[in-house]
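Everything below concerns the one structure shown next.
Values reported hereafter were calculated over all heavy atoms of this structure, with side chains retained and with hydrogens, waters and symmetry mates removed.
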Amino acid sequence: MAAPVYIEELEQHVGVEVTLRGWLYARRSSGKLLFLQVRDGTGIVQCVLFRPDAPEGLFARAKHLAQETSLRVTGVVRPHQRREGEFEIQIRDLDVVAEPTAEYPISPKEHGTDFLMDHRHLWLRSKRQHAILRVRAELVRAIRHYFDDHGFLLVDAPIFTPNACEGTSTLFETDFHGEPAYLTQSGQLYAEAAAAAVGKAYCFGPTFRAEKSKTRRHLAEFWMVEPEVAYLDLAGDADLAEDFLVSIISRVLERRAAELEILERDTSALERVQKPFPRIRYAEAIAILQKHGNDSRHGDDFGGDEETLISAEFDRPVIVTHYPMSLKPFYFKRDPSEPGLALNMDVLAPEGYGEVIGGGQREDDLARLEASLEAHKLPKEQFEQ
RNA sequence: UGCAGGGUGGCCAAGUGGAAAGGCAGCCGCCUGUUAAGCGGACGAGCGCGGGUUCGACUCCCGCCCCUGCAGCCA
């Protein structure tokens, strides 16, 4: 048996006999010609068998292989006879490792999402899912790199926690040996404690909201990155959000162009994510809404429709600051010149994606923080530790 | 939780009171360059579940279950 190689390395082995180890992705034939598309996780390659050249019995055996059969294919790498820049394998031998126990349910044609989700473990084998996994993995890597390279210390918050402070959505409650424990809704409180210790900290991991909600904007489980920086003011926070978004998006565009192409993602909106982002105040956002006939008034929060209207005014993400305190959590610092407003910001993404980042300057005066707790009618005792 | 749409062979999908289209996959066969290949053939469901109306129900009525989208909530 020839040296085992991965499909992504075939270019380095042209003219050489190699062995692939993978699964049968698709099969086609044309009389005495048989085309087996084999995938191995790094790519898909066409393997060709011509009956008159094939060893005794091999052609007949290969002709009826089922989709997703595990196999080893040995053959010579050569340029694709019809497609420029691609390679194919002239099959010399073929070894079936295992055959599927049932007909593979996912055919090359149309399926509904519901059906595919019922076969999630197999759906993962398809090209489109590979592309999604790779884009997501790149994004996670870009996020970690950004903070690691900018002086932040990764401080992972517990996922399983007695801390129920977020309290805004329903919590997933579990029993921890007789005591209630919750799946985390946010690592923010832990990250804040860490920032006071190390200056710049971030946590990045799964968070949970027990809403029975499954829209593109809300999930019961999602990943969230939460940086906390001591002494950072609102403008500095906006700078950070802007630099961070530009950095991670450009990295994904650069390194995952092929996958975005497979997903047929129009990248022009992503390419426009460049500094500077427009920065507007909440009051200006309200004016934009009213200009478009939306009946939002000062004091109203933005829903999905409102976020879409506001972001449509700009060709890149927009940073909205200075929301009314009444709309925001108690811990934001008040604007000294206009105490009714919070020193907070939301970053709204284009294309209807809405709020992708929320943040702001924290209250650093204990008396005001306690007053704010009271104003929000929150039980002070729960926050004393 | 509310509103809207939807459950028809393994998958996708027409039909909408009177004998369940079609396509794909799977199976058999033909084809020396296929790319969701093409061509031919055989096979395969009684229409989400339970009641009702009717000579007759996939189709109409009632109840229930499940799915999807949007809204709400929120990030």
A:H150 and A:Y146 aromatic ring geometry - parallel, tilted or perpendicular at 30°/60° bounds: parallel
Mutual orientation of the aromatic rings belonging to A:Y323 and A:Y282 [parallel < 30°, tilted 30-60°, perpendicular > 60°]: tilted
Assigned glycosidic conformation for B:G50 [threshold 90° from 0]: anti
Would you mind reading off the distance between [X] atom [atom1] and [N] atom [atom2], rounded to a whole angstrom?
X      : N     : atom1 : atom2 : result
A:D301 : B:G72 : CG    : C1'   : 13 Å
A:R209 : B:G72 : CZ    : C1'   : 16 Å
A:D305 : B:G69 : CG    : P     : 17 Å
A:H111 : B:C67 : NE2   : C1'   : 18 Å
A:Y323 : B:A75 : OH    : P     : 12 Å
A:L34  : B:G29 : CG    : P     : 14 Å
A:F115 : B:C24 : CZ    : P     : 17 Å
A:Y25  : B:A25 : OH    : P     : 15 Å

Determine the interatomic distance between [atom1] on [N] and the same-named atom on [M]; round to the nearest Å.
N     : M     : atom1 : result
B:C27 : B:A13 : P     : 24 Å
B:G9  : B:C24 : C1'   : 12 Å
B:C39 : B:C47 : C1'   : 32 Å
B:G40 : B:G56 : P     : 43 Å
B:C73 : B:C60 : P     : 36 Å
B:U1  : B:C58 : P     : 32 Å
B:G51 : B:A57 : P     : 14 Å
B:G6  : B:G48 : C1'   : 11 Å

Donor on one side chain, acceptor on other, A:Y190 and A:T184, under 3.5 Å: no
Let me check something: any side-chain donor-acceptor pairs from residues 261-271 of chain A under 3.5 Å, sequence neighbours excluded? List them with distances.
from, atom 1, to, atom 2, distance (Å)
A:R265, NH1, A:E351, OE2, 3.4
A:R265, NH2, A:E351, OE1, 2.9
A:D266, OD1, A:S268, N, 3.0
A:D266, OD1, A:S268, OG, 2.9
A:D266, OD2, A:S268, OG, 3.2
A:T267, OG1, A:E271, OE2, 3.1

5' priority, RNA chain B, between A:Y104 and A:M224 [closest heavy atom]: A:Y104
Within residues 116-132 of chain A, residues whose heavy atoms come under 4.0 Å of RNA chain B: none
Non-hydrogen atoms of A:E228 and A:Q188 that approach each other most closely: OE2-CG, 3.4 Å
Closest contact, heavy atoms only, A:I7 versus A:G43: CD1-O, 3.3 Å
Neighbour count above 12 (heavy atom, 6.0 Å) for A:E179 CD: no
Out of B:A75, B:G29, B:G26, whichever nucleotide has its closest atom nearest the side chain of A:H64: B:G29
Straight-line distance of A:D335 CG to A:L234 CG, nearest 0.5 Å: 8.5 Å
Distance (rounded to the nearest 0.5 Å) between A:T74 OG1 and A:D93 CG: 6.0 Å
Range-with-range stems for RNA chain B, at least three Watson-Crick or G-U pairs under 3.5 Å: B:1-7 with B:65-71, B:10-12 with B:22-24, B:27-30 with B:38-41, B:48-52 with B:60-64
Counterpart residues, salt bridge (Lys or Arg N to Asp or Glu O under 4.0 Å), relative to A:R334 (two or more places apart): none
Partners meeting salt bridge (Lys or Arg N to Asp or Glu O under 4.0 Å) with A:R21 (sequence neighbours left out): none
Touch class at under 4.0 angstrom, heavy-atom based, for A:G354 against every strand present: nothing
Sugar-phosphate, base or nothing in reach of A:F222, heavy atoms under 4.0 Å: base
Letter per nucleotide, 5' to 3', of nucleotides 32-45 of chain B [B base touched, S only sugar-phosphate touched, - untouched; heavy atoms, 4.0 Å]: BBBBBB--------
Proximity of A:F147 and A:F244 rings by center, below 6.0 Å: yes
Test: A:R39 and A:E68 ion pair at under 4.0 Å: yes
